Each structure stands twice: as C-alpha cells, then as structure tokens.
Amino acid sequence: MAFSAKTPRILINPDHRNLLHPKPYSSKSLCFSNHRKVREISSTKPHQQLSVLNTASFNTQDPNSHLHLLCLHGRLQKALSYFNSMQELQIPLDEDAAVAMCGDLTRARLLFDKMTRRDRISWNAIISGYFENEECLKGIRLFFTMRERGVDPDLMTMTSVISACESLGDERLGREMHGYVIVTGMSDDVSVSNSLIQMYSSLGHWEAAEKVFDRMEWRDVVSWTAMISGYENNVLPDKAVDTYRTMEMQGFVPDEITLASVLSACACLGKLDMGIKLHELARRAGLISYIIVANTLIDMYSKCKCIEKALEVFHNIPDKDVISWTAIILGLRLNNRCFEALIFFRQMKLSLKPNSVTLVSVLSACARIGALMCGKEIHAYALRTGMGLEGFLPNALLDMYVRCGRMEPAWNQFNSQKKDVAAWNILLTGYAQRGQGTLAVEFFNRMLESNVYPDEITFITLLCACSKSGMVTEGLKCFHSMELEYGITPNLKHYACVVDLLGRAGQLEEAYEFILEMPIKPDPAIWGALLNACRIHRQVDLGEFAAQHIFESDTRSIGYYVLLCNFYADNGKWDEVAKVRKMMKDNELTIDPGCSWVEVKGKIHAFLSGDNFHPQINEIKAALEVIYEKMKLAGLDSPECDVINEVEASKAEIFCGHSERLGVAYGLINTAPGTPIWVTKNLYMCQSCHSTIKFISKIVRREISVRDTEQFHHFKDGVCSCGDVGILGKG
DNA sequence: CAATCCTATC
C-alpha cells in the first residue's frame, strides 16, 4: 500500500492529503474510490495472493494490507484473529483495512465493542464503516458517543461525518459540523473543505459551497471538481464551464470526475466544440478508459446531435455498463432513431439487467414510434421485477399508452399511480394530440379541482391544444391567466405557442405585433411559428421576413430549411426551393427520410419512404397498385405532395413510395380481414396519403389508425376522425 | 456519468 498506518497529523503536505482522506464525494463516489483501492491491492495475481495468505504467520512489514487481503478473500475467521494480534501488538488499523473490515459490519461492531484500547483510528474505522454501509444515522450516533468519551475527532473523522450529513440530507447538522471544523482549525484542511463544498452543493446550497471554495487558501483538483459538479448539479452549467476554464488556466490537470462533470455541462449547453476538445484531452490523458468519462461523452455527443460520434464512443467501450446502454438508447431516441433504440435494448438484455432509468428511456422511444407491444412487454417486465413504481417509470408508462393512442390502459395506469403534475400533463397531451381543445380545457379544470398546481408544461400543452382546435379566444385567455392567476412567467415556448395560435387562425398581423411586443428577445422558434403560419396562409413577404430572422441565428437546424422549402413550394416559387436545397447541401445537412412503423403480431416493421428492401415489397406494391387503380375508377386522383422528398419518378411509383402507405399495405396483407391496423409515422402525413387511407378504410372495411408527429388519424368507412382539419394547409 | 410531460419544421 502506498502509505503506512499512522494517525493523520493536522499539517500535511497538501499533495498527500488525498491519500490520507477519502475523497469528499457522495457516498456513491466513496464506494467508487474504495473500489479503486481494492483494485490496486488485488492487482497482484490471485494465486500469488493466496499463497501469501496461506503461508502467512504474521506479516510485520505491512500488517494492514495483509489484513485487507484476508478480508477480500472472505477469510473472515483468519482476519479476526489477525486483527486481534494487531491489537495485542498495538498496531493501529489503517483506513483501508478498516474499510475492508467493515464489509461485515456486525462483526466489526462486535470486535469494536470487545476492544480494550480504542484509539481514534478504531473509532474512525467503525464510524466510517457505518457510513459505507449506508447506516449513516448509526454512524453519526457513534460519532457523538466518541466525543462524549473524550476522543477528539480528526480530519478523517470530520470529512466522513460531513459526507454523512450529505447522505442524510441533514443540512442543520452539516452546518453544525462546519462550525465545529472552523473552531478547531480543521477547516483549513483541503479535504475537509472539499467535503463541505460537496455537502452544501448536493443539498442545493451552491452559494454556501461557493463561499467555502472562495475562502480556501489552496485548492486541489478535488476542490475544483467538487465546485464544478456542484454547479452542474444545481443546473448552472454556465458557471460549471467557467470554473473549469479557470481551473485549467491555473494549471490544474482534470481527473476523470472533473471531465465527467464538465462534459455534462457541455451536453446541457450544447457546447459541441468544447466537448470535442475535452474528448481529445481525455484520449491523450488516458482518462477515456474510465467508463464514467465514456458514458458522459455518449450523452454529450447525443445531446449535440452527433449521434454517430456517440455510437463510436459507445462501441469502443470494452465493458459497457447499464449507464452506457441507457445513454446510447436515450441518444438514439433523441436523434429520432427510436427503432434502433429498441434494437439496442434487445441487445442489452442479453448481457445486462436494465434498471428503471433504462426502461423509462426505452418507453419514451416506444411512445414516439407507437410501439405498443414493446411498451406492454416493458410494462410486464417492470411489474415482474417490482420496478413499476420506481422514479419516472409510472409516468413513462402512462405516456407510452397515451402516445400509442390506447386511452383505456392509459386511464388504468393513471388511476393506479401517483398523480403528479407530469401525469396530468401527459393525459392533457392526449387531448392536444387529437385536436380536442374543448376537452383539454375541461381536463385542465379537473386538474385544478384535484388540487394539482399547473406548471410551465401544462400551459404549453394547453396552448397547443387550443391552437390545434382554432380556439384563439380561449387560448389567449389561458395565456394571460398563467401569469396573473398562477404566477408562471411565460417563456419562449409559451410565446411560440401564442404566435402559432394566432398565425394558424390567420391573424398574421396580430401574430407579428405580438412578437414585436414580447418582453424577451424572440428566438428562431418564434419566427419559425410565424413562418409556418405564413406558409399556411400564403403570405410571402412576411414569411421571407421571418425566415431572415431565423437564419440570422440558426443555420444548423434542419427543420427550418424544411419549413422554408415547403413555404416556397406551397407558394409555387420553385427556384427559391432549389436555392434552399443548395443551402442545405452546402451546410451538409440531410433530411430524415419519411419512416413508418406498423406492428404485426407483436413485431415492429419499419418502412422508409421509397423502400425497396423489404422482403415482401413486391406484394406490398402490387396491393397498392390495385388500390390506385380502384381510386382512379372512383374518380379520385392522388394530389401532388411531399415536395421535399419528391423524386424523378412516375406518379404510380411516387404513390407507392410513401412510407405510411407501405405500412398500411403491409398490415393489410399480413393480418386477418377486419383486424384494425395501427401505423406510426415520423413526419406529417401528407394530404395525398390522408385521402388514400380514407379510401382504403372504406373499400377494405377496416379501421386504420395513423399517428403522425402532430396527431392521431382514426380512419373508418372512408372518414377520418380529424374531420380533415388536421391536414389542412399541408399542400 | 444516464431519466417522463413541452411550440413550429424533418
């Protein structure tokens, strides 16, 4: 071992402090750092260790590490007698050995109680033993007993006690301990201050943490890291990044935990350039082999929309853990690759057990593509493993049922779980998705009657529901009441909803004036909503004006190009369409192809638009051509649509290429007559598909449901539940 | 180190 057992002195060379004290991270990280120690100790080959253990009479050279080894190998009986010999010889127990002994807390306590001479180290050992085993309260009690017995705590005691206050969430005790270390002069110690920073910031008092940090005479990497992660956990990513920069400037070299924290902050802020630099640094310093670093890199790249880089990092991890898998699943979902997310989940299950966070992430992917069977399977799995009520899982299940259009199971789920704001919000989106504005408002009132206080998201959803139902007056009333009655200051998203509300209803002047009167600077999304309104109502000048504002500040988001393309196309300006397409090409942006999913016999089948690779593609196309002929006979022609994906192809080919049609046709071929068909699409359904599917529902007498990004379309007997309102103005 | 519900566009 790197150090011998001795009572820590108050004044120590700062470079050695971290060796003598546990790192002041949360209890989880404490375990982590101990694992590292264990790994160091067991780095000698196992058979060598065993032979050492077997021949050992008494290792006077390094009794503590020998004791540690015995504990590691589960030779408890031997360890105990060894420990007794150490006691007799008055050899103090060091930190590592103590930690090892504490693997069996009950026995350690028995030993402790039997001990004839208890020095400070034995007290520290048993107290930190309790902390390590998440019995903080017992540890704290013993700490007070220790003081009653007249044994003064040392630096080691105090760092662990302060960390325990953090785990207990006991701020009052934490402040008391802070006072105590100031009085005893221990607060000058780096590790003690570090644990204070950690304690305060994890309890949400980042200002108090900052005060401790600012007053430190000298700091180490751990201090900086504690402060950076403190900012990060208190949702102050800007401060985290700034602090990291200062740290770097002062010549400190980040460790794996520093990197993980600052990468998280980059992910939060979408700082891709900085993230790439940190990635490079991690590679050079060899820190990338820490899974914690690799995992945050996956998250950072996904959130910065560089999913390919995220996948690359993921595939290079030799021993992927639950978090690696969860992060990549979430990344795929975030980047609109939900189908792959489900495939990754299936792969993951072959080697690892998912936890509730993983399930939440997968459910969110299921919800997005309407993968009901997969979602149900996860529901069953959650119930089986007893995770059903953990964390966000209940709401994720609720969301999955709502977004898959299954309101009955959704209500069952809602009635059997904790009804927080998010749960109500999720059901509210159900109404918004169906364009049922009146019902949404009614539901909102029910929510108020149940004494659930609305939040920002409630109002976004409500405004959106009003907008989709053309309820301008109601929507505006709702917007004004949110601040006046509920004290929620509208943010950019709310303003965007109002622009959309006015714009869709054709009140373009009002929408524009509304933007001018906004108290905050409008972002591209606000202008985007206006541009969309101008597209619907063919207002070329105002639309171009809005577009100018958009591209002044955002040239990387694909959506705005698509919107502008469709805007010009709808107004017949084809040369402008070509210009926008060139801009996209120059910026190396590609659009997502249309994609639809259909579940047949519990298996999900995905179709890209113009898909020619499906094994049954010829059958599917033949079926569609028959339908096309029948439509022509009935005097219906499919109108032009989908400008952006338009290919040089015959009309019949275009007709057959749309992914939702492929999905519907596949469902028709492979299910028994009369079975309802459920299709999910990643984009909006075009008018042509809408009328085609109406026609199909009539001639084959089937219920067909298509959920696009905007809403549900339930087709029956040639009529759609959206009353054709949902696709108005779509070309 | 990873997490549900949120406008417009893909």
Side-chain angles (χ1 to χ4, degrees), chain A residues 28-29 32 229 232 256-257 259-261 263-264 267 290-300 302 321-331 333 336 355-364 367 390-400 402-403 420-430 432 455-464 467-468 491-501 503-504 523-533 535-536 546 550 557-567 584 589-595 644-645 682-684 709-710:
Chain A
K28 264 188 202 159
S29 323
F32 177 75
S229 75
E232 223 284 305
E256 73 279 9
I257 300 169
L259 273 186
S261 305
L263 274 169
S264 265
Y290 284 100
I291 199 152
I292 183 174
V293 173
N295 289 349
T296 30
L297 277 170
I298 294 175
D299 185 52
M300 185 275 293
S302 317
D321 65 4
V322 185
I323 295 178
S324 325
W325 284 95
T326 307
I328 198 69
I329 288 171
L330 217 53
R333 197 227 63 171
N336 279 329
N355 63 21
S356 72
V357 181
T358 321
L359 298 189
V360 167
S361 316
V362 184
L363 280 171
S364 140
E390 237 176 75
F392 293 143
L393 201 49
N395 282 344
L397 285 165
L398 180 62
D399 180 52
M400 183 272 295
V402 169
R403 294 188 94 97
D420 56 8
V421 215
W424 287 87
N425 288 346
I426 290 163
L427 278 176
L428 199 60
T429 54
D455 66 0
E456 307 189 331
I457 293 171
T458 315
F459 284 100
I460 294 173
T461 315
L462 201 53
L463 285 168
C464 168
S467 171
K468 288 205 175 120
N491 62 33
L492 281 167
K493 292 177 179 179
H494 298 106
Y495 285 104
C497 287
V498 176
V499 173
D500 183 59
L501 175 81
R504 262 178 214 262
D523 68 345
I526 303 275
W527 295 112
L530 186 67
L531 176 57
N532 188 45
R535 177 183 68 82
I536 297 171
I550 294 172
S557 298
I558 179 78
Y560 297 120
Y561 291 92
V562 174
L563 182 55
L564 190 60
C565 256
N566 288 332
F567 164 79
M584 289 167 68
L589 295 170
T590 48
I591 35 165
D592 289 350
C595 187
I644 200 90
N645 280 325
N682 67 338
L683 314 173
Y684 289 158
T709 41
E710 196 158 7

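Just so we're on the same page: letters track the sequence lines, and every chain starts at 1. Just so we're clear, the structure is a prediction, and the values are computed from it rather than from any experiment. Note: hydrogens, waters and symmetry copies are ignored here, and every other heavy atom, side chains too, is used.
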Do Ile457(A) and Val421(A) come within less than 4.5 Å of each other through their side chains, counting heavy atoms only?
no
Sorted by chain and residue number, the side chain to side chain contact (heavy atoms under 4.5 Å, CB included) partners of Leu330(A) (sequence neighbours excluded) come out as Ser361(A)
Would you mind classifying the nucleic acid contact of Ala525(A) as base, sugar-phosphate or nothing, using non-hydrogen atoms under 4.0 angstrom?
base
Protein-nucleotide distance (Ile550(A), atom CD1; dT7(B), atom C1'), rounded to Å
13 Å
Under 4.0 Å, heavy atoms only, any strand: does Ser361(A) hit a base, just the sugar-phosphate, or nothing?
nothing
Side chain of Ala260(A) (C-beta onward), nearest among dA8(B), dC1(B), dT4(B):
dC1(B)
Asn395(A) (side chain) and dT4(B) (base): donor-acceptor pair under 3.5 Å:
yes
By nearest nucleotide on DNA chain B, pick out whichever of Asn336(A) and Val360(A) is the more 5' one.
Val360(A)
Could you give the CE-to-C1' distance, from Met400(A) to dC5(B), as a whole number of Å?
15 Å
Separation of atom CZ in Phe567(A) from atom P in dA8(B), rounded to whole Å
18 Å
Tell me, please, which residues at least two apart from Ser467(A) pass side chain to side chain contact (heavy atoms under 4.5 Å, CB included).
Asp500(A), Leu501(A), Arg504(A)
Residue pair Thr296(A) / Asp299(A), side-chain donor-acceptor N/O under 3.5 Å
no
Find the distance between CD1 (Ile298(A)) and CD1 (Ile323(A)) and round it off to the nearest 0.5 Å.
10.5 Å
Can you tell me the distance, in whole Å, between the CZ atom of Arg403(A) and the P atom of dC6(B)?
5 Å
Just checking Ile323(A): base, sugar-phosphate only, or nothing, at a heavy-atom cut-off of under 4.0 Å?
base
For Ala422(A), report the nucleic acid contact type (base, sugar-phosphate, nothing); a contact means any heavy atom under 4.0 Å.
base
With sugar-phosphate meaning primed atoms plus P, OP1 and OP2, does Leu563(A) contact a base, only sugar-phosphate, or nothing at under 4.0 Å between heavy atoms?
sugar-phosphate
Scan Asn355(A) against the nucleic acid and name what it touches under 4.0 Å (heavy atoms): base, sugar-phosphate only, or nothing.
base
Check every atom of dA8(B), dA3(B), dC6(B) against the side chain of Ile457(A) and return the nucleotide holding the closest atom.
dC6(B)
Whether Ser302(A) contacts dA2(B) is assessed here as follows: a side-chain N or O lying under 4.0 Å from the phosphate OP1 or OP2. Is that the case?
no
